[in-house]
Amino acid sequence: MGLTYASQWFSQLSSLTLTRLSSSSFHSFSLFNRNYTQRKVITNFSPKRQLQRPTFKTMASSTQVADATAKQDKITAPYGSWKSPITADVVSGASKRLGGIAVDDHGHLFWVESRPSESGRAVLVREADKPGEEPTDITPKEFAVRTTAQEYGGGAFTISGDTVIYSNYKDQRLYKQSIKSKDSSPVPLTPDYGGPVVSYADGVFDLRFNRFVTVMEDRRVSSTNSTTTIVAVGLSDKSIQEPKVLVSGNDFYAFPRIDPKGERIAWIEWGHPNMPWDKTELWVGYISENGDVHNRICVAGCDPTLVESPTEPKWSSKGELFFITDRKSGFWNLYKWIESVNEVQAIYSLDAEFSTPLWVFGINSYELIQNNEGKNLIACSYRQNGRSFLGILDDVQSSLSLLDIPFTDINHITSWNHCLYVEGASAVHPSSVAKVNLDEYGSKVVDFKIIWSSSPDSLKYKSYFSLPELIEFPTEVPGQNAYAYFYPPSNPIYQASQEEKPPLLLKSHGGPTSETRGILNLSIQYWTSRGWAFVDVNYGGSTGYGREYRERLLNKWGIVDVNDCCSCGKFLVDNGKVDRERLCITGGSAGGYTTLAALAFKETFKAGASLYGVSASS
């Protein structure tokens, strides 16, 4: 969404006078200016699982608003009319986006950030050498570090030694560049095909053969039916050669990972009609003397009696293969491959998700580390009951020790020399990267320091922040509950009369197999600081709650998600949190489709806004 459009959307929708929509017609996209357009919903629909009693749980200790004495000095005004410094311009221009983190051999942290001030250009940045100094841009101004592989990208750069290899956004070619100096020039590694028709992602260095092994998506023959393979790109200074295909034959590939000796390669593959959270396969191939892959073995995902989606393979320094899969328990847990008998062994079992859906390349949910005693440990993150946890797993003793850090949401971690770099956030921290120093045993946090923040200026609005409450509410299916984050109105200057209930804006996330998280988001605080209540729903079909919850949406998109959103709105009304007559809904992409379907077929919401929602004209 462009900055101008985003500002218009926030400003116009916030001033909307709520009007009832007829469920017999379909209204979308132009709610803010009342130019309703007749639409027809795509109906290709038709439920499943269970949990516990409805609850409210605050995600952080309440620092919002003030105590009873301060309330007496507040201005009393209707909900929705409060003034706030969190403007549409602040929201749309506040945050940089993170595109991955890495650490070089010297312990320097690197990250890719997308900058609104540069039209979203993605830049590789190295952390400052000394406190008080500025980080260093590595990427020249005419380049941008971003891949369009499989549309959503990710895994656009890899660092080894003093060299970075990355995908350049404009032409999608791979380039290598020295990271010693910001003045070094990128050198192309892949052919120029006359346009961005071949993309690369998720690559690793193969030191044995002086090459770069990566996923390649080729759209030269067809842009709608591309060919994906795992290829090797030579790193010599000789002429540029066509990449050499190592693995092919399936529809999609991810996570090519080479063992420390360069003798084996592991990868994930899957084919239509499966999505990578439905069913994937983990393979290992042996690398011959001439660099070809042969003697392939399926490690996980090929047993017809098991439905699983293995992900994130990783070799230890001893050559052991670790990975994550959701076999049997339905939750993504850590496993290890026993090569001698081609069997897999569970390392630690927990009803929690140790990985996330493979929407983008480059996911890194765990790291293999060593403590001072030489013991191998696994630093890992997982999600359970609506929040993330960071822990150290001893795979020999099968024990898990939690690390105490302020983040309640963790996306990626990487490690170096008794410290972890964690990409995370919380209800009062925007998306950030923190350095977490561990003790000599690797079991406790001795220091926590934020190195990078997506929106450092956002904290000046802290007194306006509404903290999310994790709620569990009943769905239309008896015994089944769903989840959401509820944000009550919050403003240090204003209050409403005790007789009034606030209007509600309910958000339906995209995907639809995605997950909303209870973290600081100024686009939510925009509404709550003006006297709106806001609820972010993880309807049945969302990730983060296991396979059974995720599969509630199979063949029922447009039914389960819509019903759960309506049930959430009714739950908040019944608990006295919001005004029944002022319920609104919004969402983008798949969430936009949910918005349109809810307005067309249900009577719960008075108004809504679909942003780039899935729809079809008649």
Side-chain angles (χ1 to χ4, degrees), residues 1 3 6 10 14 56-66 82 84-99 101 111 113-116 356 381 383 385-390 404-413 422-436 448-471 483-492 505-507 509-510 514-538 544 586 588:
M1 185 190 300
L3 301 188
F10 280 116
S14 65
F56 278 83
K57 181 179 179 182
T58 306
M59 291 296 290
S61 59
S62 184
T63 56
Q64 62 192 92
V65 200
W82 302 349
S84 169
I86 305 176
T87 64
D89 287 337
V90 167
V91 173
S92 57
S95 295
K96 296 173 287 188
R97 297 187 65 179
L98 198 62
I101 58 177
W111 64 85
E113 63 181 36
S114 298
R115 299 169 175 171
T356 58
S381 64
R383 283 190 69 76
N385 300 325
R387 63 158 291 169
S388 297
F389 298 87
L390 181 66
D404 186 17
I405 64 172
F407 290 160
T408 57
D409 180 81
I410 298 170
N411 286 319
H412 304 285
I413 60 177
V422 180
E423 178 188 341
S426 74
V428 293
H429 294 94
S431 178
S432 307
V433 178
K435 184 177 184 179
V436 182
F448 177 92
K449 180 182 179 182
I450 291 181
I451 304 296
W452 177 91
S453 173
S454 63
S455 183
D457 292 338
S458 63
L459 295 182
K460 66 185 178 184
Y461 306 109
K462 188 175 181 179
S463 63
Y464 289 83
F465 290 169
S466 174
L467 300 182
E469 302 168 19
L470 176 64
I471 64 173
Y483 304 92
Y485 297 100
F486 175 70
Y487 299 77
S490 177
N491 190 303
L505 181 59
L506 181 147
K507 182 182 176 184
H509 65 66
S514 187
E515 179 191 7
T516 190
R517 301 187 175 197
I519 62 175
L520 180 59
N521 183 341
L522 288 187
S523 65
I524 294 176
Q525 305 300 328
Y526 173 93
W527 296 98
T528 56
S529 62
R530 284 168 169 75
W532 283 68
F534 194 102
V535 65
D536 217 347
V537 182
N538 276 320
T586 187

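Excluded from the calculations below are hydrogen atoms, water molecules and symmetry mates; all remaining heavy atoms, backbone and side chain alike, are included.
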Exercise. Should F407 and F448 be marked as a ring pair (Phe, Tyr, Trp, His ring centres under 6.0 Å) after you check the CA-CA gap, both sets of side-chain angles, and the distance that decides it?
Worked result: CA-CA 10 Å; F407 290 160; F448 177 92; 5.3 Å; yes

Exercise. Quick one: salt bridge (charged side-chain N to carboxylate O under 4.0 Å, His left out) pairs with a partner in residues 516-525, sequence neighbours left out?
Worked result: D409-R517, E515-R517

For this session: Using ring-ring contact (aromatic ring centres under 6.0 Å, His included) as the criterion, list what pairs up with F389, not counting sequence neighbours.
Result: Y382

Exercise. How about R383 and S388: does a side-chain donor come under 3.5 Å of a side-chain acceptor?
Worked result: yes

Problem set entry | Considering all heavy atoms, the nearest H509-V537 contact | CD2-O, 3.2 Å

Problem set entry | Separation between OH of Y483 and CD1 of I471, rounded to the nearest 0.5 Å | 11.5 Å

For this session: Taking all non-hydrogen atoms of both residues into account, name the closest pair between F486 and A533 and its distance.
Result: CE1-CB, 3.7 Å

Exercise. Roughly how far apart are I524 CD1 and I86 CD1, rounded to 0.5 Å?
Worked result: 11.5 Å

Seminar exercise, completed: Rounding to 0.5 Å, atoms NZ (K460) and OG (S455) come to a distance of 9.0 Å

Problem set entry | Partners passing side chain to side chain donor-acceptor pair (under 3.5 Å) against E423 (at least two apart in sequence or in another chain) | none

Problem set entry | Side-chain heavy atoms of Y464 within contact of P492, under 4.5 Å | yes

For this session: Could you pull out all residues at least two apart from W82 that satisfy side chain to side chain donor-acceptor pair (under 3.5 Å)?
Result: none

Problem set entry | S432 side chain vs P430 backbone, donor-acceptor pair below 3.5 Å | yes

Problem set entry | T87 versus D89, side-chain donor and acceptor atoms under 3.5 Å | no

Exercise. Passes side-chain contact (heavy atoms from CB on, under 4.5 Å), L506 versus T586? Steps please.
Worked result: CA-CA 6 Å; L506 181 147; T586 187; over 6 Å; no

For this session: Over all heavy atoms of both residues, which pair between P85 and V90 is shortest? Give the atoms and the distance, please.
Result: O-CG2, 3.8 Å

Exercise. How close do I519 and Y487 get, heavy atom to heavy atom, and via which atoms?
Worked result: O-OH, 3.7 Å

For this session: Check whether the side chains of S529 and S84 place a donor and an acceptor atom closer than 3.5 Å, and report yes or no.
Result: yes

Exercise. Mind checking what makes side chain to side chain donor-acceptor pair (under 3.5 Å) contact with T516, not counting sequence neighbours?
Worked result: D536

Exercise. Within a strict 4.5 Å, meaning less than it, do heavy atoms of the I450 and V433 side chains meet?
Worked result: no

For this session: Using the test side-chain contact (heavy atoms from CB on, under 4.5 Å), find all partners of R115 that sit at least two apart in sequence or belong to another chain.
Result: K96, E113, S117, E118, R121, V123, V125, D137

For this session: Flag the pair L520 / F465 as yes when at least one side-chain heavy-atom distance between them is below 4.5 Å, and no otherwise.
Result: yes

Exercise. OG of S466 to CG of N521: how many Å apart, nearest 0.5 Å?
Worked result: 12.0 Å

For this session: Look only at the side chain of Y461 and the backbone of L522, and say whether a donor-acceptor pair between them is shorter than 3.5 Å.
Result: no

For this session: Decide yes or no for I101 and V422: does some side-chain heavy atom of the first lie under 4.5 Å from some side-chain heavy atom of the second?
Result: no

For this session: Measure up the W452 and W111 rings against each other and bin them: parallel (under 30°), tilted (30 to 60°), perpendicular (over 60°).
Result: tilted

Problem set entry | Check: K507 and F534 side chains under 4.5 Å, non-hydrogen atoms | yes

Exercise. For the atom pair CG (N411) and OG (S381), what is the distance rounded to the nearest 0.5 Å?
Worked result: 8.0 Å

Problem set entry | Least distance between heavy atoms, V428 atom then L459 atom | O-CD2, 3.2 Å

Exercise. Looking at T408 and S426, what are the two nearest heavy atoms and their distance?
Worked result: OG1-CA, 3.4 Å

